[in-house]
Amino acid sequence: MSGPVLVIIVAGLALIGWLIARARAAAFRDGGQRFSSLPGHHGWYVALWLLVPPLVFLAIWAAVSPAMVTDAVLATPAAAQLPPPGFDRASILSEARALAQGRAYGAFNALSQRLAPAYATAQDRYDWIATGLALLLSFAGGAFAFVRVRPGFAARTRVERIVMGLLLAASLIAILTTIGIVASLLYEAGRFFHTVPVTDFLFGTHWSPQVIDPRDPGANLGAVPLFWGTFFIGAVIAMAVAIPFGLMSAVYLTQYAAPRTRRWMKPILEVLAGVPTVVYGYFAALTVAPAVRALAVSLGISWASSESALAAGLVMGVMIIPFVSSMADDSLAAVPSAMRDGSLAMGATSSETIRKVMLPAALPGVVGGVLLAVSRAIGETMIVVMAASGVATLTANPFASATTVTRQIVDLLTGEAEFDSPKTLAAFALGLTLFVVTLLLNIVALTVVKRYREAYE
Amino acid sequence: MTARNVHVHYGPKQAIDGVSIDIEQDKVVAFIGPSGCGKSTFLRTLNRMNDTVASARVKGDIRLDGQDIYAPEMDVVQLRARVGMVFQKPNPFPKSIYENVAYGPRIHGLAAGKADLDHVVERSLTRAGLWNEVKDRLSDSGTALSGGQQQRLCIARAIAVDPEVILMDEPCSALDPIATAKIEELIHELRGRYAIAIVTHNMQQAARVSQKTAFFHLGTLVEYGATSDIFTNPRQDRTKDYITGRYG
């Protein structure tokens, strides 16, 4: 029996269990006595016991059963002809599985055709085992719960506890996923550093992964130009746009704007944060980049790139404005109004008050916000994929082409590439570096913001 | 400083209804009354701090040395340099002690050079009775001082620009009794140099520090006269009921 059908059956059982338990609980309440649990609580108690054990079992089963099916297939006589473990063996097995599941209509390899029936029977057998076990667990859970539907039973608190467990499991899944991602990054990056020395990667200044000398793969995999490009586009050019505009708009919105102006202006600014980055990307590539190049040419820089660092950085800065603005807005709003009144009562004007009292008081929060903005900017991908260059150059000229870590990761992993060459694995090393840097930035930023919040509360 | 027939509205709500008061040089005036009676609102009309409240409207005639402070040609920046204010909660800026006091002289360009500014800071802190406590740590943050010291720092900050009038809005309500006693002593010393108006909830304090007392109730000025008369021989029944603790 297939997964979805099984889930529907179990859900049906749970519904029936809910109705029966509720009716039974309602019956013993007819005497007019008061109990801690309502009939509905008993119903949910039984329903959850019917539902949760088989679903947990099926989730685990989905993870382990493919390996068990493959083992069963490998035990058949036809499998003896399989090539030794490696790429060929894996592709034959996956073809056979596709045939068995009816997802493919032909195979490149004759052996796949012969293995397909074995796959089908093994799959069938394990599916029936899964169905049987799931239903057994459901009935066992249901029976366990149903005998407890008695007048004094505190089903209400039990249901509460089960719900808490479910919520805990949901939040653990997010954490476990993160750990899994980090582990895989670490593993792949470790493989990369096995062939390329860490120092070559971190301090080398030459990056051209298209041509790699197998005797010295580190020579062409020096990531300094990428780090520089990322820093230059994300932390220098983008911030040169985002910090002044974001800060000034926050100052206007919190200190000058009438409530009515603020009411329509703030949401519009926030809409800017909701524009998909791919839209910014083609805006950068099609509108800003040619304009920047035209400007450079008119300034006499005839070699100016149409994939300049300036174009990508400018648009990225615009994208970050609402982010900086809302962080600065929050920290300005957190400055006690007594500060502002104190300064105004000294005869300072609004702008003097903002420059000399409000902004210095809000500075830690603003700095924290800017650090978070930088960590977003250097992780931003779509704009640089569309507008920045693929060629790594080590230059501080904003009209020259520049590339970033994210752009290179995309380039390395798209297209046709074998999966265990230094070239592809370099993407994981870059990803790991990016992850560590943004993590550190976030930690520093959040600590700064938190310490500042404590100071005023 | 004279106020004649002052009305204040917050939106449709009337907060002050026809108040007239004279604040005399070298005297301390105490504003007393139950919460919400308009005494703080009235105080804030005297240096136009109500301008920062969008819905507030002020009518009437308030003059400082014969000049109408609500006249269009009146510069609010100048006014606030002449009428200083100390708030309920000590609100030193998150800057050094020195910079807190130097703030006003700097923005109004009152000091010629560093030596002059040092002198102004020292004089203000001395007058506020804080100099001996902080002279060795002028570069420490003003917010690191104790509550009472912070409030005296705020007073030093206010007198650094050499105002004519100092308005104090419940300056001791966030302080302990010892710090309160110090502030009261300070008010005594400042009298004569500045006209002082102080809002207070504490009737003993009003009796101790002021020469004249104004009793506010529901936005009106019920009685205004010498402090000794108000507390020993009130003319109005409402004043008598309030100071004997029957309500408020």
Side-chain angles (χ1 to χ4, degrees), chain A residues 247 250-266 328 330-369 447-457, chain B residues 40 43-44 46-55 75-96 99-110 141-144 150-151 153-163 165-169 174:
Chain A
L247 212 53
V251 165
Y252 175 73
L253 284 175
T254 54
Q255 309 294 319
Y256 286 94
R260 199 186 299 166
T261 321
R262 187 180 159 86
R263 221 164 21 237
W264 62 263
M265 218 173 204
K266 205 168 148 57
D330 289 350
S331 30
L332 281 170
V335 177
S337 62
M339 294 287 160
R340 185 159 164 251
D341 286 353
S343 173
L344 291 174
M346 293 296 299
T349 61
S350 289
S351 74
E352 283 165 346
T353 300
I354 288 158
R355 259 187 305 125
K356 300 196 169 158
V357 175
M358 300 298 284
L359 281 179
L363 196 62
V366 172
V367 169
T447 321
V448 168
V449 172
K450 194 172 151 224
R451 185 164 306 164
Y452 162 74
R453 290 266 153 77
E454 282 164 0
Y456 281 119
E457 275 162 13
Chain B
S40 287
L43 194 76
R44 290 166 69 93
L46 300 178
N47 67 344
R48 291 184 53 177
M49 279 303 281
N50 278 332
D51 290 13
T52 61
V53 183
S55 63
D75 181 0
V76 70
V77 167
Q78 277 300 314
L79 171 71
R80 288 178 189 157
R82 290 164 69 189
V83 183
M85 188 164 199
V86 176
F87 293 82
Q88 183 171 0
K89 219 172 138 243
N91 60 345
F93 303 135
K95 298 168 179 286
S96 71
E99 286 299 323
N100 261 284
V101 183
Y103 185 77
R106 273 196 218 276
I107 58 176
H108 295 296
L110 297 181
S141 172
T143 50
Q150 286 190 13
Q151 194 61 300
L153 178 62
C154 293
I155 293 174
R157 185 173 74 189
I159 61 188
V161 294
D162 214 10
V165 184
I166 300 178
L167 310 174
M168 299 187 175
D169 190 357

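Proteins get letters first, then strands, A, B, ... in listed order; numbering begins at 1 in each.
In this structure the side chain of Met339(A) reaches within 4.5 angstrom of the side chain of Pro94(B), judged on heavy atoms. Between Asp341(A) and Arg44(B), some side-chain heavy-atom pair lies under the 4.5 Å cut-off. Using a 4.5 Å heavy-atom cutoff, the side chains of Met346(A) and Arg80(B) are not in contact.
One finds the OH atom of Tyr103(B) at 4.5 Å from the OG1 atom of Thr353(A) (value rounded to the nearest 0.5 Å). Distance NZ/Lys356(A) to CD/Glu99(B): 9.5 Å, rounded to 0.5 Å.
Only the backbone of Val83(B) comes within less than 4.5 Å of a heavy atom in chain A; its side chain stays farther off. For Ser350(A), no part lies near chain B; criterion is any non-hydrogen pair under 4.5 Å. Contact annotation for Pro163(B): neither backbone nor side-chain heavy atoms come within less than 4.5 Å of a heavy atom of chain A.
Scanning both residues, Ala338(A) and Asn91(B), for their nearest heavy atoms gives O-ND2, 2.7 Å. Of all heavy-atom pairs between Ile107(B) and Gly347(A), the closest is CD1-C, 4.1 Å. The minimum heavy-atom distance between Phe93(B) and Gly342(A), with the atom names listed, is CZ-C, 3.9 Å.
With chain A as partner, the option from His108(B), Met85(B), Lys89(B) having the largest number of non-hydrogen pairs under 4.5 angstrom is His108(B).
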